[in-house]
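Working notes, structure below.
Numbers here are sequence positions counted from 1. Order of listing sets the numbers, starting from 1, for every ligand and every atom in it.
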Amino acid sequence: MDNCLFCKIVTGQIPCTKVYEDENTLAFRDIDPKAPSHVLVITKEHFGAIHEIPADQGSVIVQLMNAVTEVVKRENLVSEGYRLVINSGENGGQMVPHIHVHVLGGRSLHWPPG
Ligand code: AMP
Ligand code: ZN
């Protein structure tokens, strides 16, 4: 999508610090990390949010979560644990309208979130 920040990261118009990439997904470090390890995992194809992925394209969700698993392993978060967050819409605090999974780890995280 033309004016989407994360689509521009996918095409390389905006730089990122890559953690993982495959044919369908990209993972890169959050520019304003909220934990020692804070990685964003996105689909290369533009979807605004999880509910915008059509039911007959469920493989997109599998690809996204497989990439999350790869990131969790690469960041060495398995033994100490981690949190996955998908903010959606205004109440969810979503700032970038291109689906992304936050992978947060490296410290104890509070619950419930604010
Ligand atoms: P959300 O509020 O869930 O939409 O999260 C958007 C995230 O994108 C925030 O944590 C931002 O710090 C992060 N972000 C914004 N611009 C960039 C960028 N150019 N590179 C990496 N992360 C970014
Ligand atoms: Zn996009």
Pull out every atom of ligand 1 sitting under 4.0 Å from any heavy atom of Phe6, numbered as shown with elements.
-> 8 (O)
For the residue pair Glu45 and Thr43, confirm or rule out a side-chain donor-acceptor distance under 3.5 Å.
-> no
Asp32 heavy atoms within 4.0 Å reach ligand 1 at atoms 12 (O)
Are the side chain of His102 and the backbone N or O of His100 linked by a donor-acceptor pair below 3.5 Å?
-> no
Do Thr25 and Asp22 have side-chain atoms, one donor and one acceptor, less than 3.5 Å apart?
-> yes
Out of curiosity, His46 NE2 to Cys4 SG, how far, rounded to the nearest 0.5 Å?
-> 5.0 Å
Phe6 side chain near Ile99 side chain, heavy-atom distance below 4.5 Å | no
List-wise, which protein N, O or S atoms are found short of 2.8 Å from the Zn ion (ligand 2)?
-> Cys4 SG, Cys7 SG, His46 ND1, His98 ND1
Classify the contact between His102 and ligand 1 as side chain, backbone, both or neither, using a heavy-atom distance cut-off of under 4.0 Å.
-> side chain
Do the side chain of Gln94 and the main chain of Gly48 share a donor and acceptor less than 3.5 angstrom apart?
-> yes
Short N/O distance, under 3.5 Å, between Ile14 and ligand 1?
-> no
The single option from Gln63, Glu21, Glu23 that satisfies side-chain contact (heavy atoms from CB on, under 4.5 Å) with Lys44 is Glu21
Contacting atoms of ligand 1, where contact means under 4.0 angstrom from a heavy atom of Asn87 | 1 (P), 2 (O), 3 (O)
Ignoring hydrogens and geometry, is there a side-chain-to-backbone donor-acceptor pair from Arg74 to Val19 under 3.5 Å?
-> yes
Among protein heavy atoms, which lies nearest atom 4 (O) of ligand 1, and at what distance?
-> Met95 N, 2.6 Å
Given that the side chain starts at C-beta and the backbone is N, CA, C, O, which of these parts of Leu5 lies under 4.0 Å from ligand 1, counting heavy atoms, or is it both or neither?
-> side chain
Polar atom proximity, Ile9 to ligand 1 (N or O, under 3.5 Å) = no
Only heavy atoms count here, so choose which of Asp30, Val96, Thr17 is nearest to atom 7 (C) of ligand 1.
-> Asp30
Against heavy atoms of Arg29, which atoms of ligand 1 measure under 4.0 Å?
-> 21 (C)
Is there a donor-acceptor pair under 3.5 Å between the side chain of Arg107 and the backbone N or O of Lys34?
-> yes
Going from CD on Glu90 to CE on Met95, what distance comes out if it is rounded to the nearest 0.5 angstrom?
-> 10.5 Å
Return the residue, atom name and 0.1 Å-rounded distance of the protein heavy atom closest to atom 22 (N) of ligand 1.
-> Ile31 N, 3.1 Å
Quick one: which ligand 1 atoms are inside 4.0 Å of a heavy atom on His100?
-> 1 (P), 3 (O), 4 (O), 5 (O), 6 (C)
Between Leu26 and Val10, the two heavy atoms sitting closest are CD2-CA, 4.2 Å
For atom 2 (O) of ligand 1, which candidate among Pro33, Gly92, Gly93, Pro15 provides the closest heavy atom?
-> Gly93
Atom pair CD (Glu70) and CG (Asn66), whose distance is rounded to the nearest 0.5 Å | 9.0 Å
